[in-house]
Amino acid sequence: LHVRSRRQRQMCIRDRYIGVHKEKLLVDSVSMVASPELLDRFDNRSNIEQLLKQPMIHVDWGDDNESLPQWQDWINRVSGDESEVQSGPRFNLSSMAIDAAVQGKGLLLGQHLLIKQELKKKQLEVPLNVSLALGRAYYLIYPQRTLDNDKANLFMQWLKEKLIEE
């Protein structure tokens with residue numbers, strides 16, 4: 001997210017800039033989610049053996065794959081063994097993967113910031129309360145001159161308050 005033109009940049013949310021103010025906003029995480037319809041197929045919605053047999057929706061994060069938890073990471077945390085990762089639909093956009101999970105096409109490791117509306121609307125559920133943190137944080141980055149801009153300060157304050165509410 002960038003506010004203003006590159007030359008007049010007031011602030012952005014990234015983690016790769018030098019010589020600017022950098023405030024850590026949050027470290028997001030992922031949890032396994034599924035549609036209520038998919039979970040209704042089971043007598044016990046939290047039965048790990050049954051869940052691990054379901055198709056697993058995969059998101060190709062491109063160059064960021066190494067910093068984001070994958071299915072094998074989640075399986076290792078939950079079951080403690082090297083259970084097999086199930087095949088399933090693959091997407092290069094999180095929004096498409098989320099839509100597929102809502103449609104009951106499989107399980108998804110959903111990033112909390114991106115699935116909060118679907119969880120709120122009960123289109124997705126978290127059958128097991130196990131989360132894995134992303135390997136990178138979200139930062140608010142801005143040059144010193146941004147502190148002289150009242151509107152930018154109000155926006156940064158609002159953004160931090162919204163994230164605290166979440």
Side-chain angles (χ1 to χ4, degrees), residues 1-36 55-78 85 88-166:
L1 168 70
H2 295 282
V3 179
R4 294 196 178 237
S5 71
R6 176 173 272 188
R7 202 172 111 189
Q8 297 177 329
R9 187 170 293 144
Q10 294 292 325
M11 70 189 79
C12 63
I13 300 177
R14 291 190 70 153
D15 69 348
R16 297 180 185 162
Y17 291 101
I18 298 170
V20 293
H21 291 278
K22 180 176 173 179
E23 289 184 56
K24 186 176 184 177
L25 294 175
L26 67 101
V27 176
D28 201 7
S29 58
V30 297
S31 293
M32 182 188 69
V33 294
S35 70
M56 295 176 180
I57 299 169
H58 302 266
V59 180
D60 180 359
W61 299 91
D63 293 339
D64 288 327
N65 263 352
E66 74 276 355
S67 69
L68 299 165
Q70 301 297 317
W71 273 112
Q72 194 63 62
D73 302 319
W74 190 89
I75 291 169
N76 292 348
R77 170 75 63 84
V78 171
V85 174
R90 291 191 172 276
F91 300 95
N92 60 1
L93 292 174
S94 297
S95 59
M96 294 176 74
I98 293 166
D99 288 345
V102 167
Q103 294 169 16
K105 304 293 186 201
L107 308 173
L108 173 68
L109 281 182
Q111 189 176 338
H112 292 164
L113 279 177
L114 303 179
I115 62 170
K116 66 181 181 180
Q117 291 302 317
E118 288 78 8
L119 291 171
K120 193 179 207 178
K121 294 177 185 176
K122 304 217 184 286
Q123 294 173 315
L124 292 174
E125 295 180 12
V126 179
L128 296 170
N129 193 17
V130 177
S131 294
L132 297 176
L134 273 59
R136 292 187 189 158
Y138 287 91
Y139 290 88
L140 180 61
I141 300 166
Y142 51 91
Q144 178 65 35
R145 70 178 181 273
T146 300
L147 297 175
D148 298 330
N149 183 320
D150 291 338
K151 289 181 181 180
N153 279 307
L154 285 171
F155 174 74
M156 290 189 299
Q157 181 181 346
W158 172 83
L159 180 61
K160 292 176 206 174
E161 288 170 2
K162 291 300 278 182
L163 291 172
I164 289 170
E165 288 174 12
E166 306 292 317

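Excluded from the calculations below are hydrogen atoms, water molecules and symmetry mates; all remaining heavy atoms, backbone and side chain alike, are included. Values in this document were obtained by computation on a predicted structure and should not be read as measured data.
Contact record, K22 with I141: CG-CG1, 4.1 Å, taken as the closest heavy-atom pair. Nearest heavy-atom pair across V85 and I75 is CG2-CD1, 3.8 Å. Summarising the geometry of A97 relative to F91, their closest heavy-atom pair is CA-CD1, 3.6 Å, with the distance given to 0.1 Å. Nearest heavy atoms, A101 versus S35: O-CB, 3.3 Å.
Between the CD atom of E23 and the OH atom of Y142 there is a distance of 3.5 Å, given to the nearest 0.5 Å. Interatomic distance, CG of L154 versus CG of N149, reported as 9.0 Å (0.5 Å rounding). Considering OH of Y139 and CG of L26, their distance stands at 10.5 Å, rounded to 0.5 Å. In this structure, CG on L109 lies 8.5 Å from CG on D73, to the nearest 0.5 angstrom. To the nearest 0.5 Å, atoms CD (Q72) and CZ (R77) are separated by 13.5 Å. One distance of note links CG of L25 with CE of M156; it measures 10.5 Å at 0.5 Å rounding.
Between P89 and I57, the closest side-chain pair of non-hydrogen atoms falls below 4.5 Å.
R90 meets the side chain to side chain contact (heavy atoms under 4.5 Å, CB included) test with H58; sequence neighbours excluded. For the side chain to side chain contact (heavy atoms under 4.5 Å, CB included) test, residues two or more places apart in sequence or in another chain that qualify with V27 are K24, A133, A137.
For residues 101-113, every residue pair satisfying the side chain to side chain donor-acceptor pair (under 3.5 Å) rule, not counting sequence neighbours, is listed here: D28-Q111, S29-H112, S31-H112, Q111-Y138.
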Side chain to side chain contact (heavy atoms under 4.5 Å, CB included), that's the test. Do L107 and W74 meet it? Break it down for me. CA-CA 12 Å; L107 308 173; W74 190 89; over 6 Å; no
Going through the distances and angles, do H21 and T146 end up as a side chain to side chain contact (heavy atoms under 4.5 Å, CB included)? CA-CA 10 Å; H21 291 278; T146 300; over 6 Å; no
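Residue N129 qualifies as open at atom CG: its count of foreign heavy atoms under 6.0 Å is 12 or below.
Applying the side chain to side chain contact (heavy atoms under 4.5 Å, CB included) test between V59 and each of L68, N92, L108, I98 identifies L108 as the sole match.
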